[in-house]
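Worksheet for the structure shown next.
All of these numbers come straight from a predicted model, not from anything done at the bench.
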Amino acid sequence: MIDEFLKEINKIIPLIKDSAIVEQIEEMKKSEAVLLKCLEYYQNTTLGLVMIVKNQEDLISDVLNAVNDFNLDDYVVVDTGSSDKTVENLLKLNFVRTEYLPWEENYGLMRNRAAEFSSMDWVMTLDSDEIFLTEPLDLKVLVSVLYNVLEKPFAINFEQHYNKTSKYGIPDRIYSRKTENFVGMVHEELRNKETKEAVMSIDTRIQIINKGSEIKQVIKFDKEERYKNLLFQMIKIEPDNPRWIAFLSNRAIETLIINEQYEKLICKHLFITNKYSKRIGNLKIHKYTKMLLEKYIWFCCKV
């Protein structure tokens, strides 16, 4: 059994981007005692899908059939008020358990409430318009290995690709339901329930395609306007968090430019002096620096 488990570990190693973590896993493989401990965790832990959905009759079956190939322990889909054939299509999938919640305009809150329908130790969250590009694999092996080599809470990221662009996001997708939950009305992030701090994110090469970025889907759900308003609310709630500024769309930025608010907001999170300066070391370095710098350059070109 150890040999078979080791083969599965070797399959997931190329998916991990952090070379230091890969080195830790390679070291772990040398110890039969550690491998046995990891195998025991694998055999005793559970991983399930939790998805929220509304009016996705055209995509939901394809999305879930693709996820089913990953052989998770549980599949929960929470409908939030569909008026089309989404629920009808869900009920045809015998591996899916369908639950119901009224929608509230707060994605973090809804993800947390949906997760309460799951009894799994670990949760994988996907949007109802996202389909795997990566070939099926045992994701619980990935969870078990990382759990045994890391000494603090973590979440696992997927590459979220979009049509007609080479850029991709890296949202948190797998997390411990017991120790972590989502915070944020939109573009939500996982935080430790006790410390309230963002958990360590492990970047992987696991890829999904986001069909929701297609123009048809954006218009259907009025995403740009809704996301803009939700991000503006998060900026008021957490004015010192650069995350919400970094995720502003060009449309949202243009609104702030008109009101002469944007430059002050972005410079606060991008520069130590709160304004552009050629002085060495004036740039604030954090996980959102690159995103903010790209938006600042776009802003300077526009004005």
Subject >> Axial cation check for Phe271 ring with Lys284, 6.0 Å and 45° limits >> reply: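 Negative - Lys284 is either too far from the ring of Phe271 or too far off its axis.
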So how far is it from [X] [atom1] to [Y] [atom2], rounded to the nearest 0.5 Å?
{"X": "Met185", "Y": "Met234", "atom1": "CE", "atom2": "CE", "value": "6.5 Å"}
{"X": "Ile13", "Y": "Glu23", "atom1": "CD1", "atom2": "CD", "value": "11.5 Å"}
{"X": "Asn259", "Y": "Leu265", "atom1": "CG", "atom2": "CG", "value": "10.5 Å"}
{"X": "Asn68", "Y": "Leu49", "atom1": "CG", "atom2": "CG", "value": "10.0 Å"}
{"X": "Phe158", "Y": "Thr125", "atom1": "CZ", "atom2": "OG1", "value": "9.5 Å"}
{"X": "Asp84", "Y": "Lys54", "atom1": "CG", "atom2": "NZ", "value": "10.0 Å"}

**OP:** Walk me through it: do Glu4 and Lys7 pass the test salt bridge (charged side-chain N to carboxylate O under 4.0 Å, His left out)?
**Re:** CA-CA 5 Å; Glu4 290 300 316; Lys7 288 179 182 179; 3.5 Å; yes
Has [X] got a side-chain atom pairing as donor or acceptor with [Y]'s backbone, closer than 3.5 angstrom?
{"X": "Glu130", "Y": "Ile208", "answer": "no"}
{"X": "Asn89", "Y": "Glu57", "answer": "yes"}
{"X": "Ser82", "Y": "Val87", "answer": "no"}
{"X": "Glu159", "Y": "Gln207", "answer": "no"}
{"X": "Ser31", "Y": "Glu27", "answer": "no"}
{"X": "Arg177", "Y": "Met120", "answer": "yes"}
{"X": "Thr80", "Y": "Leu101", "answer": "no"}
{"X": "Asp73", "Y": "Leu47", "answer": "yes"}
{"X": "Asp121", "Y": "Thr46", "answer": "yes"}
{"X": "Lys140", "Y": "Thr45", "answer": "yes"}

4.5 Å side-chain heavy-atom contact, [X] and [Y]:
{"X": "Glu99", "Y": "Asp79", "value": "no"}
{"X": "Ile272", "Y": "Leu283", "value": "no"}
{"X": "Leu270", "Y": "Leu293", "value": "yes"}
{"X": "Val199", "Y": "Arg191", "value": "no"}
{"X": "Leu137", "Y": "Leu15", "value": "yes"}
{"X": "Ile237", "Y": "Trp244", "value": "no"}
{"X": "Asp129", "Y": "Val63", "value": "no"}
{"X": "Lys295", "Y": "Ile253", "value": "yes"}

**OP:** Would you please indicate if the ring centroids of Tyr175 and Phe182 are separated by under 6.0 Å?
**Re:** yes
Original post:
Is the distance between the ring centroids of Phe132 and Phe70 less than 6.0 Å?
Top reply: yes
I'd like to know if [X] pairs up with [Y] as an ion pair, taking the criterion as any Lys NZ or Arg NE/NH1/NH2 lying under 4.0 Å from an Asp or Glu carboxylate oxygen.
{"X": "Lys11", "Y": "Glu8", "answer": "yes"}
{"X": "Asp240", "Y": "Lys268", "answer": "yes"}
{"X": "Asp127", "Y": "Arg111", "answer": "yes"}
{"X": "Glu40", "Y": "Lys37", "answer": "no"}

Using a cut-off of 6.0 Å, state whether more than 12 heavy atoms not belonging to [X] lie near its atom [atom1].
{"X": "Lys193", "atom1": "NZ", "answer": "yes"}
{"X": "Gln43", "atom1": "CD", "answer": "yes"}
{"X": "Lys275", "atom1": "NZ", "answer": "no"}

**OP:** Please state whether the rings of Tyr42 and Phe5 are parallel, tilted or perpendicular, taking 30° and 60° as the class boundaries.
**Re:**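 Tyr42 vs Phe5 ring planes: tilted.
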Original post:
Between Tyr107 and Trp103, how do the two ring planes meet: parallel, tilted or perpendicular, split at 30° and 60°?
Top reply: perpendicular
**OP:** Consider only side-chain N and O atoms of Arg243 and Tyr288, and report whether a donor and an acceptor are under 3.5 Å apart.
**Re:**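 Yes, side-chain donor-acceptor contact under 3.5 Å.
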**OP:** Indicate whether the side chain of Gln160 and that of Tyr162 have a donor and an acceptor atom separated by less than 3.5 Å.
**Re:**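 Gln160 vs Tyr162: donor-acceptor pair found between side chains.
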Subject >> Evaluation steps, side chain to side chain donor-acceptor pair (under 3.5 Å), between Asn55 and Thr86 >> reply: CA-CA 6 Å; Asn55 292 338; Thr86 295; 4.9 Å; no
**OP:** Just do the ring-ring contact (aromatic ring centres under 6.0 Å, His included) check on Trp122 and Phe154 with the steps written out, would you?
**Re:** CA-CA 11 Å; Trp122 292 82; Phe154 65 91; 5.1 Å; yes
Taking all non-hydrogen atoms of both residues into account, name the closest pair between [X] and [Y] and its distance.
{"X": "Ala115", "Y": "Val50", "result": "N-CG1, 3.9 Å"}
{"X": "Gly48", "Y": "Leu72", "result": "C-CD1, 4.2 Å"}
{"X": "Glu263", "Y": "Phe299", "result": "CB-CZ, 3.6 Å"}
{"X": "Ser61", "Y": "Leu93", "result": "CA-CD1, 4.4 Å"}
{"X": "Leu190", "Y": "Ala155", "result": "CD1-CB, 3.6 Å"}
{"X": "Ser201", "Y": "Asp172", "result": "OG-OD1, 3.0 Å"}

**OP:** For side chain to side chain contact (heavy atoms under 4.5 Å, CB included), just list the numbers for Val183 and Glu188, CA-CA rounded to whole Å, side-chain angles, deciding distance to a tenth of an Å, and then say yes or no.
**Re:** CA-CA 5 Å; Val183 175; Glu188 56 281 4; over 6 Å; no
Original post:
Given the rule in the ring-ring contact (aromatic ring centres under 6.0 Å, His included) test, do His187 and Tyr227 qualify, once you have shown the distances and angles that lead to the verdict?
Top reply: CA-CA 8 Å; His187 295 301; Tyr227 288 9; 5.6 Å; yes
**OP:** Would you please test Asp18 and Ile202 for side chain to side chain contact (heavy atoms under 4.5 Å, CB included) and show each step?
**Re:** CA-CA 8 Å; Asp18 191 315; Ile202 308 301; 5.7 Å; no
Original post:
Is it the case that one hydrophobic cluster holds both Val186 and Ile170, taking links as side-chain heavy atoms less than 4.5 Å apart, direct or via other members?
Top reply: no
**OP:** Give the intermediate values and the outcome of side chain to side chain contact (heavy atoms under 4.5 Å, CB included) for residues Leu64 and Met51.
**Re:** CA-CA 10 Å; Leu64 289 168; Met51 177 183 291; 4.0 Å; yes
**OP:** Report the C-alpha distance between Leu248 and Lys228 in whole Å, list the side-chain angles of each, state the deciding distance to 0.1 Å, and finish with yes or no for side chain to side chain contact (heavy atoms under 4.5 Å, CB included).
**Re:** CA-CA 7 Å; Leu248 288 172; Lys228 179 190 76 171; 5.7 Å; no
Subject >> side chain to side chain donor-acceptor pair (under 3.5 Å) evaluation trace for Asn10 with Lys29 >> reply: CA-CA 9 Å; Asn10 288 332; Lys29 288 166 51 181; 2.7 Å; yes
